[in-house]
Structures are given as C-alpha cells and as structure tokens.
Amino acid sequence: MTGMPDPFNAFVDTPQVPVSNAENGRLAGLRLAVKDIYDVAGLVTGCGNPGKASSGLPATDTAVSVQALLDAGARFAGKTQTDELAFSLMGQNAHFPHPINPAAPGRVTGGSSSGSAAAIAGALADIAVGSDTGGSIRAPASFCGLVGLRATHGLIPLDGAMNLAPSLDVFGWFARDIDIYETVAKLLIGKDAHRGELARPLALDWLDALPSGPAETAEYRRMRGVAESVLGPVAKAAPLAFTPDELYWCFRKVQAYEAWQQHGAWISSADRGLGPGVKERFEFGASINATTYQMEIARRDAFRGALGALLDNDGILILPTVPGAAPLADGTHDELLAYRERALMLLCLSGLSGFPQITLPIGAVEGAPFGLSLLGPAGSDLALVKLGRKILEAAGK
C-alpha cells in the first residue's frame, strides 16, 4: 500500500514499511517511486509475477542506485507496477489492473516501466525509477509525455535489480520536470565521460520512414525542425551496412537468449502462469542456441563499431522515439504486436550499441504525446540532457 489515492493503478499493493531517507540533500522533499524489479529493504521484489511476489522474502538491502536517491533526500512513495519479469513494451501485465496513461487515458502507458511512468504523468511522485532493456524508459516516456534517458550501458549501477538481459539492461528514471531530471542525472552519473560538443545532427533515411502514418511523419518532421533550431541543419548520414530487419532480429535474439539464461531454470521448475506474450518470448529464448547467440553478438559488435564511427565525438542521431502515439489500450493482440515490432526497429539502436538516447516530449498525434529522440556517443549522457533542456525550451515546454 502507498497510503495515498492511486487513480492510475501505478503502484503495487505492498505492506507499508519504513524506508529511511536523508533529511537533507539535493532531492530533499521529493517523492520517489520505485519499479518493482529493484530491491527496497523490507519489501519483497515481485517483478510483476504473483508467484515471486507471494513466495519471495523481503529484501535485506536496497538497490544501490535507489539508495543513492534516498541518501540525497528523496522520500520513498512506493513500489510501481512492471510488466511481468520486465519482458514487455505495452504496460499490460495480465495479472494486475493495467496502469492508466494520464496523458492519454485511452492508450497504453507502455512498459515495462509502466507504473513509474503513470506515477510521474499523474503527479503521484516527483521521481520514479524504471529500467530500459528494449525501450522500457523511452517508450513509456514518449507515450506519457515525459523526458526519458536510456543511459550509456553500464554507467549507472544495477546492483540489487532483477536482471532480464544483462548486456542490454540499464537503470532509468522519469521525473516531474527537466530540472529534477537533470539533478538526478548529475547525482547518479557525476561527470560526463564524453569530451567535446554534440554539434553535428544526423539522420538515417530508414529511420525517418518508420513513423506509422502521414500524420506521424508530418509531426516528426515538425519536431525535427525544432531540434534544428537548436542544433543546426540535420545532415543525411551515409547508410550503415545493416538492414532494419537484421538489427531487429539481432536485438530480439540477444535479448531473448539472455532472458532465458537468467530465468529459464525458474520458469521450467514449475507452472509459473506466465501471461500471454511474455510466455511466448521466453519460449523463443529457449529455442536459441549458444552458436546463434554468439553470431548475433558479433553482429552487434560490428554495428556498435559502425555507429560509433558515424557519430565520432560530435555526432548526434535524430530519430522518432517510437512510430507514433501510444497504441489504444483496447487494441487487438495483432495490432499491439505490429506496433511493438515497428517500435523495436527504432528502439534497438541504443540497446545494441550501448550508446545513450534521450526522448523529449515535444510532439503530439491525435491528441496524444509523441517523442523526439537524440542518440549520442557513449558517455554523452549529461550532454544529451542539457541539449534536451534547450530543445524543450525551443518547443515552449
């Protein structure tokens, strides 16, 4: 229990236990919500699965990055919903009432950081911790009208978090405004490892073709124009030697193989009642052998090198975060699956490369939020947040 009204189904129903925080600090007085894949001392980490929630023992320690926020004065507000085992992109866990998107109530919040996004968009918290493996910060941020950063892989510690696919998992968060967002970034990251100015905006033709319709394409072009008012004209980049399908399947196979390595023994030991979609994704992971995985790792390494060479020290890739507004919450399975596949073609670039990407809430389609993304070189996380602030200001946000 959070002890407060939750009109958006953002929080997990957990016992109220005392979670200590510093009285002073850069985050003093701010409410902190935590995705239920992170340990919080005294609470069971349920990971969106009723079996884990009912049979697990309370954590003895709090996840290290969550603890850093508490030590900076943030006040724990509760655990937030996650898609089951964090292995989905829509925010519709089959076992619990779905979080409601405060920015577009008839549409999904996005997952797997569904409750955290709903908590911030619905003003139930000031900071909400999430994670991003395949897009679970960036997609919900775009869907709910929020800023969301997928950090450079490995930059922010994940000790005390449930792993899904370790070579892809990153810590993430949402915040009430860009001031708080940047404060958290500086607290968790310290100083940027990146040196130099991100001053060379780039576009790839096939990314520009992924918005899902004429309205989405027009809005993306408008958003890119806002970015150009800050960054200068966007240059067309030379094509990379990888097709969208190759990158999509590379990501899917790496993620699914690693997810099965992490959770396959537990899933196989009893009937875990996995929800639709999640069950099939784990089954796909079980079908991938080590040889295939190593082939895809080699493909990923080659892509990382090619994208790194394209960006060099000053390049920044401009792209739509997702294909458009969030799908309708009552969409069919096939409609949601088609959106997910198209979205992953955009979202997989940051995951495969390990490079940081920020999504900015400067667009709308059919009255619902639609985000623009900037993807920069490894270690340019704080530079992206600072550029994001300038673009938000140029957009009047």
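The analysis underlying the following values was restricted to heavy atoms, covering all of them including side chains, and did not include hydrogens, waters or symmetry mates.
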* Structure fact -> Cluster membership besides I120, Ile/Leu/Val/Met/Phe/Trp/Tyr side chains within less than 4.5 angstrom, sorted by chain and number, is I137, L146, F174
* Asked: Side-chain contact, heavy-atom cut-off 4.5 Å: T321 with L360?
  -> no
* Answer whether the closest heavy-atom distance between the side chains of S114 and N93 falls below 4.5 Å. => no
* K52 NZ/CZ over W266 ring centroid, <6.0 Å and within 45° of normal -> yes
* Give the C-alpha distance, both sets of side-chain angles, the deciding distance and a yes or no for side-chain contact (heavy atoms from CB on, under 4.5 Å) between D205 and K236. => CA-CA 7 Å; D205 280 348; K236 184 182 295 187; 3.3 Å; yes
* Asked: Tell me, do M162 and L164 make a side-chain contact under 4.5 Å, heavy atoms counted?
  -> yes
* To do: Could you give me the CA-CA distance, side-chain angles and deciding distance for I391 and I362, then say whether side-chain contact (heavy atoms from CB on, under 4.5 Å) is met?
  => CA-CA 8 Å; I391 291 170; I362 64 170; 4.1 Å; yes
* ring pair (Phe, Tyr, Trp, His ring centres under 6.0 Å) assessment of Y220 paired with F370 -> CA-CA 8 Å; Y220 168 60; F370 180 24; 7.3 Å; no
* Asked: Can we call the ring centroids of W260 and F284 under 6.0 Å apart?
  -> no
* Are E182 and R389 within salt-bridge range, i.e. N to O under 4.0 Å? -> yes
* Is there side-chain contact between L311 and L375, with heavy atoms separated by less than 4.5 Å? -> yes
* **Pairing of R224 and D208 as salt bridge, 4.0 angstrom limit** => yes
* Would you mind checking if R75 and E23 are paired as a salt bridge, meaning a charged N to carboxylate O distance below 4.0 Å? => no
Could you pull out every donor-acceptor pair under 3.5 Å between side chains of residues 244-251 and any protein atom, sequence neighbours left out?
from, atom 1, to, atom 2, distance (Å)
E246, OE1, T243, N, 2.9
Y248, OH, R252, NH1, 2.9

* Asked: Does some side-chain heavy atom of L346 sit less than 4.5 Å from a side-chain heavy atom of L207?
  -> yes
* Quick one: sort the F87 and F282 rings into parallel, tilted or perpendicular, breaks at 30° and 60°. => perpendicular
* To do: Start with the C-alpha gap between L374 and L317, add the side-chain angles, then the distance that decides, and say whether side-chain contact (heavy atoms from CB on, under 4.5 Å) holds.
  => CA-CA 6 Å; L374 315 176; L317 189 63; over 6 Å; no
* Asked: Is there a side-chain contact between D83 and V278 (heavy atoms, below 4.5 Å)?
  -> no
* Side-chain contact test, heavy atoms from C-beta onward, threshold under 4.5 Å: evaluate it for V254 versus I288 and give yes or no. => no
* Asked: So, does R107 use its side chain to make a donor-acceptor pair with the main chain of A326 at under 3.5 Å?
  -> yes
* So, K397 and E393, do they make that salt bridge, N to O below 4.0 Å? -> no
* Taking C-beta and beyond as the side chain, do F96 and Q81 meet within less than 4.5 Å on heavy atoms? -> yes
* side-chain contact (heavy atoms from CB on, under 4.5 Å) between T292 and K253: does it pass, once the steps are laid out? -> CA-CA 8 Å; T292 298; K253 290 175 183 178; 4.1 Å; yes
* Could you tell me how the ring of F242 sits relative to the ring of F303: parallel (under 30°), tilted (30 to 60°) or perpendicular (over 60°)? => perpendicular
* To do: Pick out which of D36, D39, D6 makes a salt bridge (Lys or Arg N to Asp or Glu O under 4.0 Å) with K79.
  => D36
